[in-house]
Amino acid sequence: SLSLNNATFSYNQASGGDGGAVCVYLNSTATLNNSTFANNTAYQGGGSVYADTATVTIRNSYFHDNLATNGNGGSVNFHNNCTTTISGSTFNNNTSTYLDGGAVYAQGTIDISSCYFTENVSFRSGGAVYYDQSQSSSNNSSLTMTNSMLRYNGTHGGTSGGNGGGMYAAAVRVTIRACTFSENYLN
């Protein structure tokens with residue numbers, strides 16, 4: 001179990017793998033409160049945070065200028081049936097330069113509330129948030145987003161075209177309540 005409070009992670013790098021600042025694996029639990037993740041880079045997924053089959057809670061945190069150079073999730077990547085809750089957090093100017101999810105790439109169950117996503121970019125799909133459960137064995141997957149804003153996020157379309165300047169979701173039950181999607185784009 002990992003618990004971080006009022007922590008700052010900046011200019012960290014996973015030059016050959018996932019999670020530029022933090023990696024959480026296999027049935028682990030992580031709670032990140034009031035923390036800042038800035039200018040972190042991962043060669044694979046999750047420029048700042050990578051989780052695989054884990055439970056992750058993020059509250060009142062700030063993610064900016066993080067980068068996944070050859071994988072999904074410019075800032076965070078929740079892979080293989082993670083259970084994730086993100087609340088009161090801001091994702092700004094994060095980038096996935098090769099694949100999907102400029103700020104967030106997710107599989108499993110994710111609940112996003114009172115969050116702001118601005119100026120995040122992916123190479124293919126999901127400028128701010130990318131969710132695809134099609135390659136997972138779980139049947140209990142869902143994406144819930146409430147009271148959140150996705151603005152000025154975009155995709156560059158990749159080699160085969162892109163989808164969802166603000167958000168892309170496939171093979172999942174999606175619930176969106178009281179959210180604003182504004183000026184997101186496909187290039």
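In this chain, numbering begins with 1 at the start of the sequence shown. A quick note: this is a predicted structure, and the numbers were derived from the prediction, not measured.
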Do T155 and Y130 come within less than 4.5 Å of each other through their side chains, counting heavy atoms only? no
So, the side chain of S114 versus the backbone of S87: is there a donor-acceptor pair under 3.5 Å, distance only? no
Without hydrogens or angle criteria, can the side chains of S75 and S48 be said to hold a donor-acceptor pair below 3.5 Å? yes
Check whether any side-chain N or O of N40 sits under 3.5 Å from a backbone N or O of F9 as a donor-acceptor pair, and report yes or no. yes
Measure the spacing between NE2 of H79 and OH of Y105 and express it to the nearest 0.5 Å. 6.0 Å
Pairwise side-chain contact, R151 with E119, heavy-atom cut-off 4.5 Å (strictly under): no
If Ile, Leu, Val, Met, Phe, Trp and Tyr residues are connected whenever their side-chain heavy atoms lie under 4.5 Å apart, and connections chain through other members, are F63 and V121 in the same group? no
L67 with V22, same ILVMFWY side-chain cluster at under 4.5 Å: no
For the pair S122 (side chain) and D100 (backbone), establish whether a donor and an acceptor sit closer than 3.5 Å, ignoring hydrogens and angles. no
Can you tell if the side chain of R177 reaches within under 4.5 Å of the side chain of N147, non-hydrogen atoms only? no
From OG1 (T36) to CG (L4), nearest 0.5 Å: 11.5 Å
In one Ile/Leu/Val/Met/Phe/Trp/Tyr side-chain cluster, 4.5 Å: V104, F37: yes
Please answer: with hydrophobic residues joined when any side-chain heavy atoms are less than 4.5 Å apart, are V174 and F181 in the same cluster? yes
Distance (rounded to the nearest 0.5 Å) between S125 OG and H156 NE2: 12.5 Å
Please lay out, stage by stage, how T53 and N27 fare under the test side chain to side chain contact (heavy atoms under 4.5 Å, CB included). CA-CA 6 Å; T53 318; N27 302 314; 4.0 Å; yes
With rounding to the nearest 0.5 Å, note down the distance linking CG in N120 to CG in N153. 5.0 Å
What distance separates I176 CD1 from T146 OG1, expressed to the nearest 0.5 Å? 10.5 Å
Within 6.0 angstrom of Y98 OH, more than 12 heavy atoms from elsewhere: no
Interatomic distance, OG@S182 vs CG@L150, rounded to 0.5 Å, equals 10.0 Å
If only side-chain N and O atoms count, and only distance matters, is there a donor-acceptor pair under 3.5 Å linking T118 with N92? yes
Do I112 and F117 make a side-chain contact, defined as non-hydrogen atoms from C-beta onward lying under 4.5 Å apart? yes
Report yes or no: do N93 and D65 form a side-chain donor-acceptor pair below 3.5 Å? yes
Validation row: L32, T57 side chains within 4.5 angstrom (heavy atoms): no
For A51 and A54, which heavy atoms make the closest approach, and how far apart are they? CB-CB, 4.2 Å
Are I58 and L2 connected, step by step, through hydrophobic side chains (Ile, Leu, Val, Met, Phe, Trp, Tyr) whose heavy atoms are closer than 4.5 Å? yes
Do any N or O atoms from the side chain of T84 and from the backbone of I110 form a donor-acceptor pair under 3.5 angstrom? no
Does G71 offer a backbone N or O that forms a donor-acceptor pair with the side chain of S96 under 3.5 Å? yes
Test item: V129 and F91 side chains (from C-beta on) under 4.5 Å apart, heavy atoms: no
Heavy atoms only: give me the nearest Q44-G16 pair and the separation to one decimal. CG-O, 4.5 Å
Between A14 and G19, the two heavy atoms sitting closest are CB-O, 3.7 Å
4.5 Å side-chain heavy-atom contact, D111 and I86: no
So, for G45 and N77, which heavy atoms are closest and what is the spacing to 0.1 Å? CA-ND2, 3.8 Å
Do other residues, nucleotides or ligands put more than 12 heavy atoms under 6.0 Å from the OH atom of Y116? no
Please give me the minimum heavy-atom distance between A68 and G73, naming the atom from each residue. CB-O, 3.5 Å
Please examine the side chains of Y152 and Y185, heavy atoms only from C-beta on, and report whether any two atoms are closer than 4.5 Å. no
Could you pull out the closest heavy-atom pair between C115 and G88, with the gap in Å? SG-N, 3.9 Å
Just checking, any donor-acceptor pair under 3.5 angstrom between side chains of Y43 and N70? yes
Tell me, yes or no, whether the heavy-atom count around Y11 atom OH, taken from other residues, nucleotides or ligands under 6.0 Å, exceeds 12. no
